[in-house]
Amino acid sequence: MDYFKAYLDPATKVQSGIDYEKTILYPLDVDSGRYDDGLEIPSHEDIVSENLSKELYKVPFDFLGVTDSGWFFFSVPVDKGFLIQMVQPNGQKILKRVLDVNHEEILYYSLGLSGNGIISGLFVKSHNAEVAWWRTDSLVSGIIN
């Protein structure tokens, strides 16, 4: 669940938009039908430089899915492709990797996650479509639960 707060213009004290605040994941315990305690998911921080100033923006990740081992996967587009954030079920370990993808050619994309941690991507371009996949199973299996 993504949380936002009202943005008040400091000069006029009038609400002029909303700002992203945080993301909390509430896993569902299928056996009991109850939601577990919330786990705060770190946001992606994007720095935008313009002239002599720099602005830091917090960007929420998109939820990609959960693997059979319980790892939570998130993605966000970045300049060089997609930043994948993998979060251990208790939130103790967080891994990040970039999937190299050229956004300039892509008209539409869809990312998916298999139960064993394979990320697949469908990329539609102006003259064709491509499918790619990336393995993360060996990466997360090396981390002690």
* Straight-line distance of Asp68 CG to Asn116 CG, nearest 0.5 Å -> 7.0 Å
* Structure fact -> Scanning both residues in full, the closest heavy-atom pair of Gly81 with His103 reads O-NE2, 2.6 Å
* To do: First locate atom OG of Ser43, then atom CG of Asp2, and finally report the distance between them rounded to the nearest 0.5 Å.
  => 10.0 Å
* Asked: Between Lys58 and Glu45, is there a salt bridge with N-O shorter than 4.0 Å?
  -> no
* To do: May I have the step-by-step check of side-chain hydrogen bond (donor to acceptor under 3.5 Å, both in side chains) for Ser75 and Asp62, ending in yes or no?
  => CA-CA 5 Å; Ser75 69; Asp62 292 325; 4.7 Å; no
* Could you label the plane-to-plane angle of the His44 and Phe61 rings as parallel, tilted or perpendicular, counting under 30° as parallel and over 60° as perpendicular? => perpendicular
* Would you sort out whether Ile119 and Thr136 count as a side-chain contact (heavy atoms from CB on, under 4.5 Å), showing the intermediate values? => CA-CA 7 Å; Ile119 299 171; Thr136 64; 3.9 Å; yes
* **Gap between atom NZ of Lys125 and atom CD1 of Ile106 - 0.5 Å precision** => 6.0 Å
* Working to the nearest 0.5 Å, report the span between NZ of Lys22 and CD1 of Ile41. => 12.5 Å
* Asked: What are the two closest heavy atoms between Phe63 and Leu25, and how far apart are they?
  -> CE1-CD1, 4.3 Å
* Asked: Do the side chains of Val78 and Leu64 join up, straight or via other hydrophobic residues, at under 4.5 Å, putting them in one cluster?
  -> no
* Is a side-chain N or O of Tyr20 found less than 3.5 angstrom from the main chain of Thr23, in a donor-acceptor match? -> yes
* Asked: Is the OH atom of Tyr3 crowded by more than 12 outside heavy atoms at less than 6.0 Å?
  -> yes
* Using a cut-off of 6.0 Å, state whether more than 12 heavy atoms not belonging to Asn128 lie near its atom CG. => yes
* Separation between CE of Met86 and CZ of Phe73, rounded to the nearest 0.5 Å -> 5.5 Å
* To do: Indicate, with yes or no, if Ile84 and Val76 share a hydrophobic cluster defined by side-chain heavy-atom contacts under 4.5 Å among Ile, Leu, Val, Met, Phe, Trp and Tyr.
  => no
* **Separation between CD1 of Ile24 and CG of Leu39, rounded to the nearest 0.5 Å** => 9.0 Å
* Do Phe82 and Tyr109 have their ring centres less than 6.0 Å from each other? -> yes
